[in-house]
S.K.: 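My questions all concern the structure below.
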2 protein chains.
Amino acid sequence: MSEKITIYDIAKKLNITAATVSRALNNNPKIKESTRELVIKTAASMNYKQNKLALALKSGRSNNIGVIVPRIDSNFFASVIRGIEEELHPHGYQVIICQTHEDPKRENENLYTLIDAQVDGILMSVTDVANENTGAFHYVLEKNVPLVFFDRSKHIDGVSSVTINDFKGGYITTKHLIDEGCSKIAHFSGDQSLEIFKNRFLGYKQALLDNGMTFNEEYVIRTKSSVESGKEAVNVLLQLKTPPDAIFSSSDFAALGAIQELKDKNISIPKQFCVAGFSNEPFTKFMELSITSVDQSPLEMGKMAARVFLEQVDKTDTIKIEKKVVLAPELHIRKSSSRTTI
Amino acid sequence: MSEKITIYDIAKKLNITAATVSRALNNNPKIKESTRELVIKTAASMNYKQNKLALALKSGRSNNIGVIVPRIDSNFFASVIRGIEEELHPHGYQVIICQTHEDPKRENENLYTLIDAQVDGILMSVTDVANENTGAFHYVLEKNVPLVFFDRSKHIDGVSSVTINDFKGGYITTKHLIDEGCSKIAHFSGDQSLEIFKNRFLGYKQALLDNGMTFNEEYVIRTKSSVESGKEAVNVLLQLKTPPDAIFSSSDFAALGAIQELKDKNISIPKQFCVAGFSNEPFTKFMELSITSVDQSPLEMGKMAARVFLEQVDKTDTIKIEKKVVLAPELHIRKSSSRTTI
DNA sequence: TACTTTCGTGTAATCGATTACATAAAAGGT
DNA sequence: ACCTTTTATGTAATCGATTACACGAAAGTA
C-alpha cells in the first residue's frame, strides 16, 4: 500500500520547505535552476502526484464540468457527450454525467448537486422547459458558473446556447416532400412545449404555406418518440376522409412505426406514400428501406457547446456574453422519400 | 454575485465557533438541541452549501467514480453507463466519463488522471488487453482504489469483473443455427486478443463439435465491427469451393453488412442463408428483415458493476475480495435466422 | 459541601497545495 | 568598504470543513 506522497515529503527529504517544492514544480521563475532540477528529479523518483483536491480547494476550480442530459443511452446525446469530452479533454477538464430521465425534479437536483460539487461549468439539454421555476438555474448563475444549453434550451438572460435550426430542418424536409410530388403532407409533432418540436412544426407549416398548400390541422398528430406511437398515429391518419400521402415525423422512431404500419397495409413507399424522420438515428440508414432524416450533427454540437464554455470560463469579471450558436440541419435523403433520385 | 457562505460565516453571525456549526450540521449528538436548530435555521436562511471540495480534501473521498470506456457513442457502452449512473446516484456518487478510443495510451492516461483526481473507484471496460504493461493498473491498486472491469476484462489479481458468458453466447447462437438446419456455419470473429471475441469463437467451435459437425478454419473470418467489413468478409466466404449457409457474426454491424451483400446477390435469407449477430444493437430489431442477435443486458451489467464497487469501497482494510460476476447472454431469435419459427 | 460525571463548546491541528510577505545571502555599484 | 539591488528561500496564512483534546459549567452523588 503506497503512502501518499506530498510536497512536504519531498521538502523533508531535500531539507527545504514545501513552498520551494511547490514553486519548483510550478516553474516559478524565482527558483534556482539547480534546485528546480533536483526537486523535479526527486519528485519523480518518489512517485509524487499532485493532489487535485487540495489544488481545487485552494484555487476554487475543480477542473470538472457537469453535463446534464435527459438520458445517456440515446445516440444523439451520447454523441453530443462524445463531442464535449473530446473538446474538453485536452484542456484538462473531466466530464461528469447526470441524467434527468425527463424528470424536472431530477433536473433541479442535478443542478444543485453539480454546483455543490464545485464544477467549473454546466452544459445541459433542458428537460423542464415549460416550468417557470428557474430557481436552480439562477442559483447556478449567481455562483458565476458558466452555463451552456445545447439542443433543448430555455430563455434565460446571460445563458448561451448551441442548437440546430429546427425551423429550417422542418422547412427543408417538408419542401423536399413537396418536391417529390407529395401534396397532402402530415406531421408527427412532439411535445410542443419544447422549442425544438415547436420549431420543427412551424418550419413544416411555413413550407406548406410558402408552396401554396393549405395547412390542415387534422394532419398534425402529437406522437411520442416511439415506434408504437408512430403506428397508432398513422392509423389515425389513414382513417381520415382524405388521408395524407406523406409524413414528416419529428422522431425517427415514430417514422419507423409509420413505415411498418404502412407496409402492413400494403401501401408502397415511396411510390404511394413518402416518410421522413428527424435525428438521423443510426438505424435510419441501415434499413433496407432506408429512412430520410434530418441530421443534427451531435458531435459538432457537443464540440461547439464545449468551445462556448471555454470562451466564458476565464472571463468571470467581464460582462456575460450571451452567445447563441445555431447549427444548420442537414437533410439526408434516402429511399423512404426518393421518388426521383435514388 | 453571491458570496460563498462558509461555516465560519454562520459561526460569526451566531457568536459561536465553526466547530460547533459543523457539529450541529452533522448531527453530532454532543450538540444542544436548541443550538442545533438555531444553526440549521441560520444556515438555511443564509443559503449555506457545504463545500464538497473541502470535505473531499479532509476525508480523502471525492464521491466521484471514474468510468473508462472505448467510446461512449455506442448503444452498449451508453447503456452500461446508464446502469452505473442509476445505481450509484442514490449513494451520492457522481460519474466521470473517460474515453480511450481504443488507444492504449489514452487508457493509461485516463487511469492516471482519474487517480490524480482522487476518484473513489474506477469502473472500466479494458481497451488494452494484450499489453503486458499493467503499470497503470497496479498504480490504481496500490492507491487502494477499487477497480472493477466490465465486459472486456483483464486478469489481474484482486480485480473484480462483471462480464457476460460470451462462450455461452457463441454456443447457443451456433446451436440455434444448427437447429434451423444450417450445416456449414461460418464465423465472423473480432480481435482475438480480446477475451470476449475469443470466447465467442470458442463457444461457436464447441457447438459445432458437440453436434457432430466439423470445424473448418476457412469459415472463420476476422472482421471489424463495421458494415463494410461484413460485406468484404461475406464475399470471401462466397468464393470458397464450398460456401457456408450461415454466419454467426460477433458483431451486429458486420452481420448487417453480410445481409446487405447477400441480398444484393439474391441469396434469400433465411431460406438459403441464415445470419446471426451479437450485441442486440437497436437496429437489429427494427429492420424489415430483423436480425437475430445476442443480448448482453448492458443496463444490468452496469448496475452489477456498480454494486460490486459499492461492496468493495468501504472495506479498504480487509483483504481484497476478487469477485467475478458472469451474466447470462440471451439470444433474441429474429427473422434473419428463423426458418421454423416466425 | 465536596467530588465526580456529563454536557456543550471552544482551541487548534489537519487534509495538501499555493502565495504574499519577510529575510538572508549574493551580486553589483561607487 | 559600504550601500543597494537582486536572487533564492523560508514563514505563515489561506482555501473550508472535520475532529481529537481541553475545559468550564451544570448536574449527579455521597
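Quick note on labels: first sequence line is chain A, next is B, and so on, each numbered from 1.
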S.K.: When the nearest nucleotide of DNA chain D is assigned to A/Ile31 and to B/Ala19 on a heavy-atom basis, which residue is associated with the more 5' position?
M.R.: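 Comparing both residues, the 5'-ward one is A/Ile31.
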S.K.: Rounded to whole angstroms, how far apart are NZ on B/Lys30 and P on D/dT18?
M.R.: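 Answer to the nearest Å: 16 Å.
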S.K.: Picking from A/Ile65, A/Asn64, A/Ile84, A/Val119, what satisfies side-chain contact (heavy atoms from CB on, under 4.5 Å) with A/Tyr93?
M.R.: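 Only one option passes, and that is A/Ile65.
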S.K.: Of all the choices, D/dA17, C/dG16, D/dT18, which nucleotide is nearest to the side chain of B/Ser22 once you look at every atom?
M.R.: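 So the nucleotide nearest the side chain must be D/dT18.
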S.K.: Whole angstroms only, please: what is the CD1-P distance between A/Ile7 and D/dA12?
M.R.: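 Checked: the CD1 to P distance equals 16 Å.
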S.K.: For the residue pair B/Ser153 / B/Glu195, report whether a side-chain donor-acceptor contact shorter than 3.5 Å exists.
M.R.: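 Note: B/Glu195 and B/Ser153 side chains miss the donor-acceptor criterion.
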S.K.: Looking at C/dG10, I'd like to know if its phosphate oxygens (OP1 or OP2) sit under 4.0 Å from a side-chain N or O belonging to B/Thr20.
M.R.: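 The answer is yes; a side-chain N or O of B/Thr20 sits under 4.0 Å from OP1 or OP2.
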S.K.: Which of the following nucleotides, C/dA17, C/dG10, D/dT11, is nearest to the side chain of A/Asn51?
M.R.: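 From the listed options, C/dA17 comes nearest.
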S.K.: When you get a sec, tell me which of D/dC21, D/dT9, C/dA17 is the closest nucleotide to the side chain of B/Arg23?
M.R.: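 Between D/dC21, D/dT9, C/dA17, the one nearest the side chain of B/Arg23 would be D/dC21.
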S.K.: Specify the separation, in whole Å, of atom NZ of A/Lys58 and atom C1' of C/dC15.
M.R.: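 In whole Å, C/dC15 C1' and A/Lys58 NZ are 14 Å from each other.
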S.K.: Between D/dT9, D/dA17, D/dG10, spot the one nearest the side chain of B/Gln50, thanks.
M.R.: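 So the side chain of B/Gln50 is nearest to D/dA17.
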S.K.: Report yes if a side-chain nitrogen or oxygen of B/Thr17 is closer than 4.0 Å to either non-bridging phosphate oxygen (OP1 or OP2) of C/dG10; otherwise report no.
M.R.: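 For C/dG10, OP1/OP2 do have a side-chain N/O of B/Thr17 under 4.0 Å.
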S.K.: Can you identify which nucleotide, out of C/dG10, C/dC15, C/dA17, has its nearest atom closest to the A/Tyr48 side chain?
M.R.: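 Among the listed nucleotides, the one closest to the side chain of A/Tyr48 is C/dA17.
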S.K.: Using a heavy-atom cut-off of under 4.0 Å over every strand shown, decide if B/Leu53 touches base, sugar-phosphate, or nothing.
M.R.: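 If one applies the 4.0 Å heavy-atom cut-off, B/Leu53 turns out to touch nothing in the nucleic acid.
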S.K.: By nearest atom, which of the nucleotides D/dA17, D/dT9, C/dA17 is closest to the A/Ala54 side chain?
M.R.: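 The answer is C/dA17.
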S.K.: What nucleotide, of C/dT9, D/dG16, D/dT18, holds the atom closest to the side chain of B/Lys4?
M.R.: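 Of C/dT9, D/dG16, D/dT18, D/dG16 is nearest to the side chain of B/Lys4.
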S.K.: Between P on D/dG16 and NZ on A/Lys143, what's the gap in Å once rounded to a whole number?
M.R.: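 Rounded to the whole Å, the gap is 11 Å.
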S.K.: What integer distance in Å separates B/Asn26:CG from C/dG8:P?
M.R.: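 About 17 Å, once rounded to whole Å.
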S.K.: Tell me whether the OP1 or OP2 atom of D/dT18 has a side-chain N or O from B/Ser59 closer than 4.0 Å.
M.R.: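 No, B/Ser59 has no side-chain N/O under 4.0 Å of OP1/OP2 on D/dT18.
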S.K.: Hey, does the Lys NZ or Arg CZ of A/Lys13 hover above the aromatic six-ring of A/Tyr8, less than 6.0 Å from the centre and inside 45° of the axis?
M.R.: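 No.
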S.K.: Would you classify B/Lys49 as touching base, sugar-phosphate or nothing, given that sugar-phosphate means primed atoms plus P, OP1 and OP2, and contacts are heavy atoms under 4.0 Å?
M.R.: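 It contacts sugar-phosphate atoms only.
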S.K.: Just the rounded figure in Å: distance from P of D/dA25 to NZ of B/Lys32.
M.R.: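 Answer to the nearest Å: 14 Å.
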S.K.: Taking atom types as modelled, find out whether A/Glu109 and B/His89 have a side-chain donor-acceptor pair closer than 3.5 angstrom.
M.R.: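 Yes, a side-chain donor-acceptor pair sits under 3.5 Å.
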